[in-house]
Amino acid sequence: MSKLTMVEAVNLALMQEMERDKNVCMLGEDIGVNGGVFRATKDLQKEHGEERVMDTPLAECGIVGTAVGMAVYGIRPVVEIQFSGFTMQAFDQIEQNMARIRNRTRGKYTVPMVLRTPYGGGIRAVEHHSESREAYWVHTPGLKVVIPSGPRNARALLAASIRDDDPIIFYEPKAVYRAFREEVPDEPEVMELGKAEIVHAGKDLTLISYGAMMRPCKEAVQDLAEDHNINVELIDLLTISPMDTETLCASVQKTGRCVIVHEGQRTCGIASEIIARLNEHAFEYLEAPVKRITGFDVPFPYFQVEEHFLPESEEIVLAVKETLAWE
Amino acid sequence: MSKLTMVEAVNLALMQEMERDKNVCMLGEDIGVNGGVFRATKDLQKEHGEERVMDTPLAECGIVGTAVGMAVYGIRPVVEIQFSGFTMQAFDQIEQNMARIRNRTRGKYTVPMVLRTPYGGGIRAVEHHSESREAYWVHTPGLKVVIPSGPRNARALLAASIRDDDPIIFYEPKAVYRAFREEVPDEPEVMELGKAEIVHAGKDLTLISYGAMMRPCKEAVQDLAEDHNINVELIDLLTISPMDTETLCASVQKTGRCVIVHEGQRTCGIASEIIARLNEHAFEYLEAPVKRITGFDVPFPYFQVEEHFLPESEEIVLAVKETLAWE
Amino acid sequence: MAAQNPEKQKTTSSEEVVSPNTPSAMDTSRIDLGHIEVLQILNEYGEVDKGLEPDFSNERLLEVYRAMVLARAFDKRMMTMQRQGRMGTFAPNIGQEACIIGQVTSLREDDWFAPSYRSFGAQIMRGWPMEHLMRLWAGFHDGFPPPNNVNDLPFSIVIGSHVLPAVGIGIGMKYKKKNNCVVVNYGDGASSQGAVSEALNFAAVYQAPVVFICENNGWAISTPTHKQTANEVLASHGVAHGMLSIRVDGNDILAMMCATKEATDRARAGEGPTFIEAVTFRMSLHTTADDPTVYRNDEEVKVWEARCPMARFETYLKNKGVLDTDSIKQTLASCEEEVIKARDTFYEMPPADPTEIFEHLYETFPMELQKQRAEYMQRLRQKGVGE
Amino acid sequence: MAAQNPEKQKTTSSEEVVSPNTPSAMDTSRIDLGHIEVLQILNEYGEVDKGLEPDFSNERLLEVYRAMVLARAFDKRMMTMQRQGRMGTFAPNIGQEACIIGQVTSLREDDWFAPSYRSFGAQIMRGWPMEHLMRLWAGFHDGFPPPNNVNDLPFSIVIGSHVLPAVGIGIGMKYKKKNNCVVVNYGDGASSQGAVSEALNFAAVYQAPVVFICENNGWAISTPTHKQTANEVLASHGVAHGMLSIRVDGNDILAMMCATKEATDRARAGEGPTFIEAVTFRMSLHTTADDPTVYRNDEEVKVWEARCPMARFETYLKNKGVLDTDSIKQTLASCEEEVIKARDTFYEMPPADPTEIFEHLYETFPMELQKQRAEYMQRLRQKGVGE
Ligand SMILES: Cc1ncc(C[n+]2csc(CCOP(=O)(O)OP(=O)(O)O)c2C)c(N)n1
Ligand SMILES: Cc1ncc(C[n+]2csc(CCOP(=O)(O)OP(=O)(O)O)c2C)c(N)n1
Ligand SMILES: [Mg+2]
Ligand SMILES: [Mg+2]
């Protein structure tokens, strides 16, 4: 056990997976000697050489498309895209090949690759460096989308993603990279994909979130318990696609009320889909409209004003209270 | 008045808008002498020359990025992407520049351009030629998304889109291109963007759709009225983003029940967003779960089986009856 | 092979120098770009350049000849079927047989081939049963995966999108220290796609065992190459990325075979990628949905008819004494028969299973998809489908 | 200008021929690619090539010299502010002043410039007040739009994404029959982006009045050019697309001024785009978030220190008698003062208005956005912000 930051935990998972399976390799910009702009790939090239940790030319479409071919050939590439905003450059390869080659070839070829990329706001970055566009990938059949919320689950989910035979978009909440430390076991740890986690059991309302937004949610849950005696059930999605609808619906069937929190833009975002599924599976249990606390439908703002854009625990507390007050 | 097919109506709108405003120009693959692979740009180059109707190299990102620059410079480009599946190649330029330059430059520059592209299934095409991925664009702030359902509104909405100062994704339902004829006035006609149309007033249930799916919806409404004495209010969205939430909510507040139909994939699709908005604005009026009849969360299938994938009027009739039976 | 990399002498490996811009890099002497060799062995009259004539065995030559005849016979049959409404839209390869077949002649079974949608001939040679290709173009899901033992990528529908994965496969071979290589083809139109240019760069940077065949057939639907680019020598794209690049007469089967042979040899020997621009011509429609009379004139087609890759190969083989009028006829007849057999097999194959659309999306079956499949099955039952 | 388009003689306009592949196109003689000229007027010792020396007026030379000094002073002040926590992450242009400023010296006000994120010097010369640039890098929305009367694109954050719009502006100029041109710059790293290669192609196909400045500064963050591409002569990219292409010593202000002058003249005269590879060096950090000691060694930096664009221009101006030790000091002092003044103005500018995030998305304000803004205003009120 060591106390690691998330970026160290990611590094640990990568290092151990490369040791475990010599077919695991990495591609990305500045991931070699430089260890990645966030140092998530630190020392990997020193340890495993330039053939396995490939510094690439500056071309995201090139990186993803190349990795797809390597994956088809039986390698297990882990791609780093420097910021998730630049996955737009690779959209065609992601949607047309990474997500579809298994389907297109009726399972003859698979694409066991992971596209890791830091997402989200909160680090005072310039435009295009704070995007949360996971909804694009969730809307794309054939992909899995995984978003950890802390060092320990980041490590265990990344290991699981690398071992998974499906193409995975792995969004790392960069605001959490160095925000806190957590005990992470030295021995490899793997968490099952596709399962949401009930982080805090409760009976009054279901609060659903993931990634960087889990921190304000946890704060809110604590505040609500301590200051208002409100008992919230907090769920961390962890895998956004395929979504663990059962866990969500079971909780809402119990609590009858729900608030959903994410940074990504609202319209056609993750919260809309959750609401649609609750509508299908928990309609008769719902006692109040489900509330969305999300990024607004504008581009992520420049950093002087970003703090107001990102949901904070106060808003969540308020939304929970409003939802409980609804009748 | 002449009876036109949708593709002729599109052609008419383009021709008249080019005559009206010499800043309107076109870019696309094979749109010149060839008149476009669907003939939507027939005779435009003959009439207006190669400078205004530009055959481009085979590069969608190039087409969109170039058009963005032209629009910033004060031209009003209308881009044709041969099939909507190939907009993926231009995703970066659409998301990063077309949608954002107005915002980025605080209104100093605008991007008055239209990206026209045929979308949807039903013409026995190969993979990537039948996509309905409008949800990507609806999730992208800064874009407007317009989808006509017949010759007359196609013409009037396209004219409006060309005159609009915002960047517009204009999806043309290719299954409707030559499916039927409709009276289209000879004189230019313009329809306001952002307004849904109540195509058939009713009181029992609200049926919401757009584009090619309006045909089976209309059939279903007729069948329901004739065979089952069920009175459905049918709404054609026409503009998908920004969405006319008011019209939708007012209708559902009246009927209490709703079914939504689209071809695009379900998860994080347009129907999810409508459900989320109904949840916010019409929660207390809803008497049954809102039903989604949509494309499934798999890639659009190859054409031997596509007919079963696309929603038909029977499914809609059934869904309406089920939703009415719910208590 | 007669071709050259003008930057060869300037490119230095990472061990030798720390930076590209050490003093000599700002050398102010002008940079000679060298030249691109153009390879033709068999001219349009079927005359062979004795100095360049390769020593393929007669059996091999006849095998390749038959593959060309078969490709054309297949093409014609497909066209008939399409006109009868029994085949989907497809892209005929008539007139490009030398280019298409020549490019795979030096591939081994464990090498890979990444075809475009106009590569029937090559696919057949690689082991795709013709009825399988018919399934493919008739819109059946099971037509898409390459058959067992055929290491090909599925054909590419999105122009240029297969080139990067093909490079990835090459890099995979290097990674796994295999003695293999990849051939990937794409057209003059595709050469404008940014993703293709990224693929060239990746292959060159990693010295991947990839052979690029740029099929410059004069047209991309209605767009002639001179409107596609201001530099019609597409081999320049290889040069720009520091790759050995050559232009080949794509209607000359011997040139195609030799150029690809040398390129695959280089690839296997660890000498990196090669760029081959094959100049040929799309004699027929772009696809069966296209009408070329709208945008190109007959004269141009006539010029190219005279350069037919089949005719000149026949002349050569006749002159060599390995083919005569009779055996030509026989070959054609036996190819047509083979195609008819494939067609009949195709007609007897089972209809599509409508439930297959839910298969092969993930390794396991997510709950939501199970639910959607159940919904779909219900729909099929209501329609009475599949009972 | 000493540079050449090797394919010039092969490229034919659409009127002349129907097809690119008429008989002569399958010409089998080898294709001479010609050469790329390398331009240096002022060598690293400040010695001028008399045969090439341009006749800019002394005033003009001093004006450009001051712009270079100002750019460096601005850079240094920004660095200090960043270290003090009063400035966001930014990309210093130290060592690239000649390249960056030289490229805009022949632009007129109604021409356009499409900068990268490392183009301060040029932006200041184009009329961006320095406090405005400070706002930009300090994360204020109002820092992004170019000021009134400055026809620039906003700087590009997504590598390479501004090059296509720049070409579009050039095509727009042609469309509107304006006598103008566009200068767009991008780096060695950006040269790998497919979108950039598409931009070159579009510019060449439409003969747009665009000047491409490829700033080959040796590094893209930690990636040296020789790992970015197997052909470090990036001017080859222009050649591949049939464009007049030249390599210039990017640390030689006279060469930069002359090359861009000729290129913009050509553009205005309807002679199409020009590709200029400017060889220079990123002397400092990639950005303030970067630590180059991790990946590059000092020796390389030392080699380039000796090639400083400022020093050699000073030597030249001294030799010419238009500058002396005193006026050098004076220029520096006045530039530093100007920067300090800008900084002070910047410090006094109002704080960001948090409601601005909802502005300028559409021409009119959609209902859902109004609703979301109301929600946001409510949030701000609860936090007590903006009251
Ligand atoms: C990304 C993309 N854009 C457009 C198309 C439509 N399309 C299909 S084939 C074709 C022309 C291709 O020309 P070329 O690359 O020269 O190959 P050829 O057909 O001549 O063999 C076009 C534009 C497509 N399939 N994919
Ligand atoms: C599409 C994209 N990918 C990655 C990045 C991150 N990034 C910013 S600058 C840079 C290197 C750019 O190098 P180069 O083009 O040579 O310009 P230079 O910084 O040397 O001026 C990278 C990788 C980005 N901003 N955009
Ligand atoms: Mg072609
Ligand atoms: Mg650089």
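Hydrogens, waters and symmetry mates play no part in the numbers below; they use all other heavy atoms, side chains included. First the proteins, then the strands, lettered A, B, ... as listed; each starts at 1.
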Check: Any idea which of A:Leu27, A:Val64, A:Thr56 has the most non-hydrogen atom pairs under 4.5 angstrom with chain C?
Finding: A:Thr56
Item checked: Region of A:Ala67 in contact with chain C, defined by heavy-atom distances below 4.5 Å -> neither
Notebook entry, point to check: To the nearest 0.5 Å, what is the distance between CG (C:Leu361) and CG (A:Asp166)?
Noted result: 8.0 Å
Item checked: Minimal non-hydrogen separation, A:Asn97 against C:Ser161, with atom names -> ND2-O, 2.9 Å
Item checked: A:Glu51 versus chain C, the contacting section by heavy-atom distance below 4.5 Å -> both
Checklist line | Contact class of A:Leu143 relative to chain C, heavy atoms under 4.5 angstrom | finding: backbone
Check: Are any non-hydrogen side-chain atoms of A:Pro112 and C:Glu363 less than 4.5 angstrom apart?
Finding: no
Item checked: Which atoms of A:Gln89 approach chain C - backbone, side chain, both or neither, heavy atom under 4.5 Å -> neither
Margin query: Between C:Glu356 and A:Arg106, is the side-chain contact (heavy atoms from CB on, under 4.5 Å) condition met? List the steps.
Written below: CA-CA 9 Å; C:Glu356 69 190 347; A:Arg106 305 277 93 196; 3.8 Å; yes
Check: C:Phe202 and A:Ile63: side-chain contact (heavy atoms from CB on, under 4.5 Å), yes or no, with the steps?
Finding: CA-CA 9 Å; C:Phe202 274 63; A:Ile63 297 170; 3.9 Å; yes
Next item on the list: Identify the heavy atoms of A:Cys61 and C:Glu198 that sit nearest to each other, and give their distance.
Entry: CB-OE1, 3.2 Å
Margin query: Need one label for A:Arg52: side chain, backbone, both or neither, based on atoms under 4.5 Å from any heavy atom in chain C.
Written below: both
Check: When only pairs under 4.5 Å are counted, which of A:Pro242, A:Pro57, A:Gly107, A:Ala99 shares the most heavy-atom pairs with chain C?
Finding: A:Pro57
Margin query: Within this structure, what is the CE-OH distance for the pair A:Met70 and C:Tyr175, rounded to the nearest 0.5 Å?
Written below: 6.5 Å
Note to self: Within the structure provided, determine whether A:Thr66 and C:Ile171 are in side-chain contact (heavy-atom separation under 4.5 Å).
What the structure shows: yes
Next item on the list: Look at C:Lys176, C:Lys371, C:Glu359 and state which one has the largest set of heavy-atom pairs under 4.5 Å with chain A.
Entry: C:Lys176
Next item on the list: Quick one: pull up CE in A:Met243 and CD in C:Glu368 and give me the separation to the nearest 0.5 Å.
Entry: 9.0 Å
Notebook entry, point to check: Where do C:Trp112 and A:Val72 come nearest, in terms of heavy atoms and distance?
Noted result: CH2-CG1, 3.7 Å
Margin query: Please give me the minimum heavy-atom distance between A:Tyr73 and C:Asn180, naming the atom from each residue.
Written below: OH-OD1, 4.3 Å
Checklist line | Side chain, backbone, both or neither of A:Asn23 within contact of chain C (heavy atoms, under 4.5 Å) | finding: both
Check: Which heavy atom in C:Pro147 sits nearest to a heavy atom in A:Lys108, and how many Å separate them?
Finding: O-NZ, 2.7 Å
Margin query: With a 4.5 angstrom heavy-atom cut-off, is it the side chain or the backbone of A:Lys22 that approaches chain C, or both, or neither?
Written below: backbone
Margin query: I'd like to check C:Pro154 versus A:Tyr109 (side-chain heavy atoms, cut-off strictly below 4.5 Å). Are they in contact?
Written below: yes
Next item on the list: Could you please spell out the steps behind the side-chain contact (heavy atoms from CB on, under 4.5 Å) verdict for C:Ile157 and A:Gln96?
Entry: CA-CA 10 Å; C:Ile157 299 175; A:Gln96 293 160 353; over 6 Å; no
Next item on the list: Examine the side chains of C:Tyr362 and A:Arg102 and answer whether a donor and an acceptor come within less than 3.5 Å of each other.
Entry: no
Next item on the list: Sort out for me which of C:Thr364, C:Val158, C:Asn201, C:Asp142 touches chain A most, counting heavy-atom pairs under 4.5 Å.
Entry: C:Val158
Checklist line | OG1-NE2 distance between A:Thr110 and C:His360, expressed to the nearest 0.5 angstrom | finding: 12.5 Å
Notebook entry, point to check: Atom OG1 in A:Thr105, atom CZ in C:Phe144: separation rounded to 0.5 Å?
Noted result: 11.0 Å
